[in-house]
Novice: 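Mind looking over this structure? Questions follow.
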Amino acid sequence: MEMLCEIFIGLWYSTLAASAVALLVMAILALFRHRISPRIRHALWLIVLVRLLLPVFPDSPISLFHMLHFGTDIKKAVSLIIPLTEKENNPSAERSRNSQEKEYVHNDYSMIRPEEDTVPDAQLPAGVENSAHFSHPWGLKIIAAVWLAGSVALLTYLFVYMLKMRRRFKTLTLVTDPRILSVVDDCRRKFDIKRPIPVYTGSYARSPYISGLFRPWIYFPEGIDKELSVQQLIHVFSHELAHHKRKDVAWNLLGSFVLAVHWINPVVWMSIKRMKTDRELACDACVLEVLGEAEAVPYGMTIIGFLKRFSVRRHQPNLLYFDGSTNTNQLVRRIEMIKSFKAGSYKLSAVAVLGVALLSAATLTNAATPAAGGSTEQAPATAIAKTEDRILFDSSSRSYDNLEKAAKVADFKFKAPAALPEGYKFHEIALRSKTKDEDKLTKAEVNYVLRVGERHYGSFKLQIDSSGTSLDEAYTEFEQHEKKTAVRETEIRKEPITLYGMQAYKVIVTTKVNAKKHEGWSYFWLDGGVLYQFDGGAFSDQEKLDIIASMKYPDQEMYKTQVNLDLLNVGIYDTGDLRRTAELIGFTPKFPWQTAGQFKVSGASMVQKLYFGYPDNEEDQKSKLLNIGYARTDEQGNIQGFSFMQIKNGTMYEEMKKNGNAAFYRIDRKKHTAPVSAMVLGGREVLKTAKYKIDGELSSPDEIDFVSYYWKEGDVCFQVVFKGEGLPQEEIVTNLMNEKAADLNNLK
């Protein structure tokens, strides 16, 4: 039953997506009713048929489903109607929050960072035993069972009908009348059909039709040839041969199969019906294109004559009768098309082909790999797309303020939650290697926070490991870490489960406080060979499951939302990071690799203004700047260095000069100042501070002194910060002043 539900979920995604395509086709046909040829009308319906037939489609940036929420997520689509899972033997838990607000205090040298897991990695052990812990709800099971019963009934009907037709075929008589065979051969030549197509006759049906998928044959009612002229016989056989030429028998059979599978969707019934109608119009147009425009009226009269004399109601889904449907509106449409037919209208124009191709590209592709945390989703088959940006500062541990860049540089594909609890936002993602000596980034930790202004109200993190760590190893590491850091009586246990079709552990941590027990849940699971660990903080168990259910490989929509432009410090590791920094700070910076005194670049980052000086307000604090560190090792082996910062000036330099002091951000968030004086270096004005301590009056007397130099170039203000004595400060500043803006595409 669980397997049936999964199949039905996949079918529901397919039928919803196809419904969207069908409605779009209907809208196009209604809007351009008199401008679209019959052949193109039928071709548009074939797009819908293909969408219904195939279970998997490639991703495309021009997909129609970028505009539809369900187009990229199977389980999300189905959850619009009925929940996907229900818990068994698992009591619900209400979400609670810590009533005491947590507040982080920032200063120039502190920031929120995810704590790195320092527990050593282990080797991959044996597999893990599964136990079914989650199942689909009964409502979904009932619907899936009804769908299956309907599909089996319809497919059985089609199969029985085909057997009946096969038996009936054995009762037919092969036509040998030279008059009829001569007309058939003449028509075959006109339609450029090489293989002979036999004609059989009988008395069970009163209208001609073509049948046979691989060995086509034409049914011709017994004795009707005596009532028809040669011209009318040409019309009849041309129509049936046109069906063969256009492969309509195959398309008709596929339409019947699709209807049997997607019978639960009324849009599919409507689409198949309209497709059959437009198929007859296209067939008529094909006939007239071959016979000539002059035959339009006689051909139409032949159809009307058949309807008057021979037509009866029929319910045989895979037969293409000459006179078609007895529906009056459909008949009128056929006669109107035949009457207004113009030679050449059946041929495909370049514009028509281009239009169908573009619509196919938009509708026969997906916005992203369909997934909702289930094990059926596969990582993209293409090789990992590595960045072509040149590495500036290689590191076994990196942090990024956006999911897109992390996904680009990581040495593995990973999923992240697409749906976040209300108020929560992406904070930061850290990548690291399994060991410091390993150059591949095989681990990740994604952090999400609930923050209002400067206040922090909650967080959760997702740890990801592609280095081969097993569920048992991950649980052991978690258990050791929890017991090592526990300050209260703690009990830890695991429950093997199947989580959305994936091998998983539910880890329950029970703490005892004042004789009361408090439980928290964490989840570990394997998906595509990658280990995921979700620690959900104060969320209820169901909320955690909802977050896990939304896990998917990141797409453009996620990249747009999972960015934190307010992160205090963003590392720069490659030329792509540096170009992005230049865009965000609003100018092309200086970036000398080496400066006076053999100082070389040791690292760089994009930081907020409080690194540079005291901000005017909260918005000004978020102003971004480039901070470059320089270092050298002296003869005694001591490391010396300084910082070089660049920011859009505004009125900052002028205010420092006017007020005679520079303002800095203190650890308690208050302002402290240092006097500045003007001097000339290299023929240009520079402001130099007196010695100051990092936190002003709050610093102890024995703390090292700082000195800063400022100058202005255009609308950019530069600052060099020296810590301690012994450096050639003026030489370094002069050297940096003489540097030009960097060529970010050709750094040396």
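Just so we're clear, the structure is a prediction, and the values are computed from it rather than from any experiment.
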Novice: Establish, yes or no, whether a centroid distance under 6.0 Å links the rings of Y710 and Y653.
Specialist: no
Novice: Which atoms form the tightest heavy-atom contact between S63 and T365, and what is the distance?
Specialist: OG-O, 2.9 Å
Novice: Looking at CG of L584 and OG of S623, how far apart are the two atoms once the value is rounded to the nearest 0.5 Å?
Specialist: 12.0 Å
Novice: What are the two closest heavy atoms between E422 and L450, and how far apart are they?
Specialist: O-CD1, 4.2 Å
Novice: Side chains of D546 and Q542: do they bring a donor and an acceptor to under 3.5 Å?
Specialist: yes
Novice: Work out which heavy atom in T588 is nearest to a heavy atom in A741; give both atom names and the distance.
Specialist: O-CB, 3.7 Å
Novice: Checking K415 against Y553: charged group under 6.0 Å from the ring centre and within 45 degrees of the axis?
Specialist: yes
Novice: Taking atom OG of S467 and atom CD of E438, what is their separation to the nearest 0.5 Å?
Specialist: 7.5 Å
Novice: Verify the ring-centre separation between F393 and Y573: is it less than 6.0 angstrom?
Specialist: no
Novice: Given D577, which partner from the list R390, K405, R398 fulfils the salt bridge (charged side-chain N to carboxylate O under 4.0 Å, His left out) test?
Specialist: K405
Novice: Strictly under 6.0 Å, is that where the ring centroids of F524 and Y475 end up?
Specialist: no
Novice: What distance do N745 atom CG and D389 atom CG have between them, rounded to the nearest 0.5 Å?
Specialist: 10.0 Å
Novice: Would you call L687 and T689 a side-chain contact if the rule is heavy atoms closer than 4.5 Å?
Specialist: no
Novice: First locate atom CD of E739, then atom CD of E713, and finally report the distance between them rounded to the nearest 0.5 Å.
Specialist: 10.5 Å
Novice: Under a 3.5 Å cutoff, is there a donor and acceptor pairing between the side chains of T442 and D411?
Specialist: no
Novice: First locate atom CZ of F664, then atom NZ of K693, and finally report the distance between them rounded to the nearest 0.5 Å.
Specialist: 13.5 Å
Novice: Can you confirm if the aromatic rings of H427 and Y448 lie within a centre distance of less than 6.0 Å?
Specialist: no
Novice: Using a distance-only test with no angle check, is there a side-chain donor-acceptor pair under 3.5 angstrom linking E654 and N649?
Specialist: yes
Novice: Apply side chain to side chain donor-acceptor pair (under 3.5 Å) to residues R632 and Q640 and explain how you reach the verdict.
Specialist: CA-CA 5 Å; R632 73 176 182 185; Q640 301 173 317; 2.9 Å; yes
Novice: Is it the case that Y630 and S643 place a side-chain donor and acceptor less than 3.5 Å from each other?
Specialist: no
Novice: Looking at the rings of F642 and F644, which for Trp means the six-membered one, are their centres under 6.0 Å apart?
Specialist: no
Novice: Between K443 and D465, is a salt bridge (charged side-chain N to carboxylate O under 4.0 Å, His left out) present by the stated rule, with each step listed?
Specialist: CA-CA 5 Å; K443 294 189 174 186; D465 186 351; 3.7 Å; yes
Novice: Evaluate the salt bridge (charged side-chain N to carboxylate O under 4.0 Å, His left out) criterion for residues K483 and E479: first the C-alpha distance (whole Å), next the side-chain angles of each, then the deciding distance (0.1 Å), finally the verdict.
Specialist: CA-CA 6 Å; K483 289 182 176 179; E479 184 181 39; 3.5 Å; yes
Novice: Test your reading of the model: is there a side-chain donor-acceptor pair from K688 to the backbone of S708, 3.5 Å cut-off?
Specialist: no
Novice: What do the steps show when you test R451 against D566 for salt bridge (charged side-chain N to carboxylate O under 4.0 Å, His left out), and what is the final call?
Specialist: CA-CA 11 Å; R451 188 190 301 279; D566 294 332; over 6 Å; no
Novice: Could you walk me through whether F539 and Y424 pass the ring pair (Phe, Tyr, Trp, His ring centres under 6.0 Å) check?
Specialist: CA-CA 12 Å; F539 294 122; Y424 278 80; 5.1 Å; yes
Novice: Are Y523 and Y505 close enough that their ring centers fall under 6.0 Å?
Specialist: no
Novice: Nearest 0.5 angstrom please: I647 CD1 to I585 CD1, how far?
Specialist: 9.0 Å
Novice: Go through the steps to decide whether R580 and D401 satisfy the test salt bridge (charged side-chain N to carboxylate O under 4.0 Å, His left out), and finish with yes or no.
Specialist: CA-CA 12 Å; R580 178 174 181 261; D401 66 345; 3.0 Å; yes
Novice: Assert yes or no for the condition that the ring centre distance of Y400 to F426 is strictly below 6.0 Å.
Specialist: no
Novice: Do the non-hydrogen side-chain atoms of M551 and L462 ever get within less than 4.5 Å of each other?
Specialist: yes
Novice: Between K609 and Q621, is any pair of side-chain heavy atoms under 4.5 Å apart?
Specialist: no
Novice: Assess K648 against F587: is NZ or CZ under 6.0 Å from the centre of the six-membered ring, and within 45 degrees of the ring's axis?
Specialist: no
Novice: Around atom NZ of K657, are there more than 12 heavy atoms from other residues, nucleotides or ligands closer than 6.0 Å?
Specialist: no
